[in-house]
Undergrad: 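Once you've had a glance at the structure underneath, I'll fire off some questions.
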Amino acid sequence: MTKQFRVGILGATGMVGQRFIQLLANHPQFKITALAASDRSQGKTFQDACTWRLSGDMPAFAKSMVVAAPEPPLDCELIFSSLPGDIARQSENAFARAGFPVISNSSAFRMDSDVPLLIPEVNHEHLGLIDAQLTNRAGQQGDPRGYIVTNPNCSTIMLALALAPLHATFGVTSVIATTMQALSGAGYPGVASLAISDNVLPFIEGEEEKIEEETLKILGRLHDDSVHQAAMNVSAMCNRVNVSDGHMAAVRVKLGRRSTIEEVKAALASFTALPQQLRLHSAPDQPIIVREESDRPQPRLDRDAGNGMSITVGRVKPDNVLDFRFVALSHNTIRGAAGAAILNAELLIATGRLQ
């Protein structure tokens, strides 16, 4: 029988925390044994502390679980974190020092030099940073076996996954991305209805910087216990739009060598990597689905592709300013958040990093 790891979820009452619970409810490798959240939820049962916002009912097993504080100890072997960035650094560091592997959706540690910023199909070799992280933690007080692995920002995952096969095949030298990001990316209650109705908000605080910085780390190369950032220019502009789920980006790329539109489409559509070879539970058969219709992808039609773990690319065309352009779409709370962290944990198991 497959071992089931006992997991705790930090930030369990939030939108991404709820998505963790939904995705892990019948997972063969993980069993939720602890839920933690903010002061106002602690000591309550989960059904009393949380208003369930996802489709379908709150999983029955979670209803009677008592919400704990997001600090060690917790009755688990592994931590999934969806804490807000302003409190995540202290909490996640405390769990790592207490000997827990922490798989985080938070931005707190993403750009730390010894923390993997992981998309398993793109940069699984960056797991080597865990060794440097454990070495660095060895001199600190606490259990030296704990470590932190992060997944990127929701829009960064979509962009970096789409760029990965192009960069590997042709080299990418410049990227311009304009995002149209769903309301669920702002959490709940998120954006005020009077602000977003009949409107587009052309600014999301910190989002553009995350995309520009994180993409370079993800597509960089691991060398001597550090990541050498990818040698490309990335420019992002981010907008909030009146869509419930599904982030979209209009992308333009300049490649390092000449290529045809057929070669670009083939590189995207044929892309698979280690998670598909290992047949990880949450890995989609096709990480990138290429659509030929002139009006695809669309959030309502394509965000659930691959159970929400595939990204969809369409409108792949030559570009008059750079070389090529396309539109990408991903489910921001599945592939862009909870599902990404779960896939990271599955990879840790498959590569012997979780025992």
Undergrad: How many angstroms lie between atom OG1 of T215 and atom NE2 of H167, to the nearest 0.5 angstrom?
TA: 11.0 Å
Undergrad: Does the side chain of F46 reach to within under 4.5 Å of the side chain of P59, using non-hydrogen atoms?
TA: no
Undergrad: Give a yes or no on whether the backbone of M15 and the side-chain of Q18 come within a donor-acceptor separation of less than 3.5 Å.
TA: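 Pair absent, no side-chain N/O of Q18 close to backbone of M15.
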Undergrad: Taking all non-hydrogen atoms of both residues into account, name the closest pair between P318 and F324 and its distance.
TA: CA-CD2, 3.9 Å
Undergrad: At their closest point, which heavy atom of R303 faces which heavy atom of H331, and how far apart are they?
TA: O-CB, 3.2 Å
Undergrad: Are N151 and I157 side-chain neighbours, meaning at least one heavy-atom pair lies under 4.5 Å?
TA: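 Touching, per the 4.5 Å side-chain cut-off.
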Undergrad: Please tell me whether Q181 and T179 have a donor and an acceptor in their side chains that are separated by less than 3.5 angstrom.
TA: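 The criterion, which ignores hydrogens and geometry beyond distance, is satisfied for T179 and Q181.
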Undergrad: Can you tell if the side chain of L183 reaches within under 4.5 Å of the side chain of R240, non-hydrogen atoms only?
TA: yes
Undergrad: Could you tell me whether the side chain of N93 and the main chain of R89 form a donor-acceptor pair under 3.5 Å?
TA: no
Undergrad: Decide yes or no on side-chain contact (heavy atoms from CB on, under 4.5 Å) for L163 and L161, but give the supporting numbers first.
TA: CA-CA 5 Å; L163 293 177; L161 187 51; over 6 Å; no
Undergrad: To check you understand the geometry: which heavy-atom pair defines the closest contact between L74 and A68, and what is its length?
TA: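 Smallest heavy-atom distance, with atoms named: CD2-CB, 3.7 Å.
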Undergrad: Taking S91 for its side chain and P70 for its backbone only, find out whether a donor-acceptor pair lies under 3.5 Å.
TA: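 Confirmed, S91 side chain pairs with P70 backbone.
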Undergrad: Tell me whether K265 is salt-bridged to E292, with the criterion being a basic N under 4.0 Å from an acidic carboxylate O.
TA: yes
Undergrad: Kindly give the heavy-atom pair with the smallest separation between A338 and R19, and that separation in Å.
TA: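 What the structure gives for the nearest pair is CB-CG, 3.7 Å.
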Undergrad: Determine, for K3 against E77, whether the closest basic-nitrogen to carboxylate-oxygen distance falls under 4.0 angstrom.
TA: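 The answer is yes: the pair qualifies as a salt bridge.
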Undergrad: Donor-acceptor pair, distance only, cut-off 3.5 Å: does the side chain of T351 make one with the backbone of L347?
TA: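 Yes: the side chain of T351 pairs with the backbone of L347.
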Undergrad: Does CD in E205 sit with more than 12 non-hydrogen atoms of other residues, nucleotides or ligands closer than 6.0 Å?
TA: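 Not buried by this count: 12 neighbours or fewer within 6.0 Å.
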Undergrad: Tell me whether the count of non-hydrogen atoms from other residues, nucleotides or ligands lying under 6.0 Å of CZ in R325 goes above 12.
TA: yes
Undergrad: When you compare the side chains of N242 and S197, does any donor N or O come within less than 3.5 Å of an acceptor on the partner?
TA: no
Undergrad: In the structure I gave you, are the side-chain heavy atoms of I176 and V251 within less than 4.5 Å of one another anywhere?
TA: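 I176 does not reach V251 side chain to side chain.
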Undergrad: So, H247 side chain and A182 main chain: donor-acceptor pair closer than 3.5 Å or not?
TA: yes
Undergrad: Is there a donor-acceptor contact under 3.5 Å linking the side chains of S82 and N105?
TA: no
Undergrad: Would a hydrophobic clustering, with Ile, Leu, Val, Met, Phe, Trp and Tyr connected at side-chain separations under 4.5 Å, put V327 with V241?
TA: yes
Undergrad: Taking NZ, NE, NH1 and NH2 as the nitrogens, is one of them in R257 or D323 under 4.0 Å from a carboxylate oxygen of the other?
TA: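 A salt bridge is absent here (no side-chain N lies under 4.0 Å from a carboxylate O).
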Undergrad: Would you say the side-chain atoms of E214 pair up with the backbone N or O of N153, donor to acceptor, closer than 3.5 Å?
TA: yes
Undergrad: Would you say F20 and I342 make side-chain contact, with heavy atoms under 4.5 Å?
TA: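 Of all side-chain heavy-atom pairs linking I342 with F20, at least one is under 4.5 Å.
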Undergrad: Kindly determine whether F80 and S104 satisfy side-chain contact (heavy atoms from CB on, under 4.5 Å), including the steps that lead there.
TA: CA-CA 6 Å; F80 286 113; S104 176; over 6 Å; no
Undergrad: Taking salt bridge (Lys or Arg N to Asp or Glu O under 4.0 Å) as the test, write out the residues that go with E346, two or more places apart.
TA: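 Partners of E346 under the salt bridge (Lys or Arg N to Asp or Glu O under 4.0 Å) test: none.
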Undergrad: Tell me if a side-chain donor or acceptor on K44 pairs with a main-chain N or O of R40 at a distance below 3.5 Å.
TA: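 Pair found, side chain donor or acceptor close to backbone of R40.
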Undergrad: Is the closest side-chain donor-acceptor distance between Q133 and N136 under 3.5 Å?
TA: no
Undergrad: Using a strict cut-off of less than 4.0 Å between a Lys/Arg side-chain nitrogen and an Asp/Glu carboxylate oxygen, indicate whether R252 and D319 qualify as a salt bridge.
TA: yes
Undergrad: Drop me the distance from I204's CD1 to I211's CD1, to the nearest 0.5 angstrom.
TA: 8.0 Å
Undergrad: Are side-chain heavy atoms of I334 and M309 found at a separation under 4.5 Å?
TA: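 Side-chain contact under 4.5 Å: yes.
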Undergrad: Is there a donor-acceptor pair under 3.5 Å between the side chain of E212 and the backbone N or O of A236?
TA: yes
Undergrad: Is the charged tip of R53 near the ring of Y188: under 6.0 Å from the six-membered ring centre and within 45° of its axis?
TA: yes
Undergrad: Ignoring hydrogens and angles, state whether a donor on the side chain of R110 or T150 is under 3.5 Å from an acceptor on the partner side chain.
TA: no
Undergrad: Looking at M58, I'd like to know if its CE atom is crowded, meaning that more than 12 non-hydrogen atoms belonging to other residues, nucleotides or ligands lie closer than 6.0 Å.
TA: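 Counting other residues, nucleotides and ligands, CE of M58 exceeds 12 neighbours.
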Undergrad: Do F326 and V290 have side chains that approach each other closer than 4.5 Å (heavy atoms only, starting at C-beta)?
TA: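 No, side chains not in contact.
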Undergrad: Judged by atom type as modelled, is there a donor-acceptor pair below 3.5 Å linking the side chain of K254 to the main-chain atoms of N233?
TA: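 No; zero donor-acceptor contacts below 3.5 Å.
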Undergrad: Show the nearest heavy-atom pair for residues G314 and P297, with the distance to one decimal.
TA: N-CD, 3.6 Å
Undergrad: Compare all side-chain heavy atoms of I21 with those of F61 and state whether any distance is below 4.5 angstrom.
TA: yes
Undergrad: Is it the case that one hydrophobic cluster holds both L268 and I289, taking links as side-chain heavy atoms less than 4.5 Å apart, direct or via other members?
TA: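 No; I289 is not reachable from L268 via cluster members.
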Undergrad: What orientation do F30 and F5 show, parallel under 30°, tilted 30 to 60°, or perpendicular over 60°?
TA: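 Tilted.
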Undergrad: Do any N or O atoms from the side chain of S310 and from the backbone of Q286 form a donor-acceptor pair under 3.5 angstrom?
TA: yes
Undergrad: Given side chain to side chain donor-acceptor pair (under 3.5 Å), test D245 with S184 step by step and report yes or no.
TA: CA-CA 6 Å; D245 293 301; S184 58; 2.6 Å; yes
Undergrad: Would you mind writing out the side-chain donor-acceptor pairs for residues 117-129 within the sub-3.5 Å range, not counting sequence neighbours?
TA:
from	atom 1	to	atom 2	distance (Å)
E121	OE1	R335	NH1	3.2
E121	OE1	R335	NH2	3.4
E121	OE2	Q276	NE2	3.3
E121	OE2	R335	NH2	2.8
N123	OD1	I119	N	2.9
N123	ND2	L117	O	2.8
N123	ND2	H126	ND1	3.0
H126	NE2	G220	O	3.0

Undergrad: Is it possible for you to check whether R137 lies under 6.0 Å from the centre of the six-membered ring of Y147, through NZ or CZ, and within 45° of that ring's axis?
TA: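 Output no; distance or angle outside limits.
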Undergrad: Within a radius of less than 6.0 Å around CG of N307, do more than 12 heavy atoms belonging to other residues, nucleotides or ligands occur?
TA: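 Open: at most 12 neighbouring heavy atoms sit under 6.0 Å from CG of N307.
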Undergrad: Between I311 and M158, which heavy-atom pair has the shortest distance, and what is it?
TA: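 The answer is CD1-O, 3.6 Å.
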Undergrad: Using a cut-off of 6.0 Å, state whether more than 12 heavy atoms not belonging to N26 lie near its atom CG.
TA: no
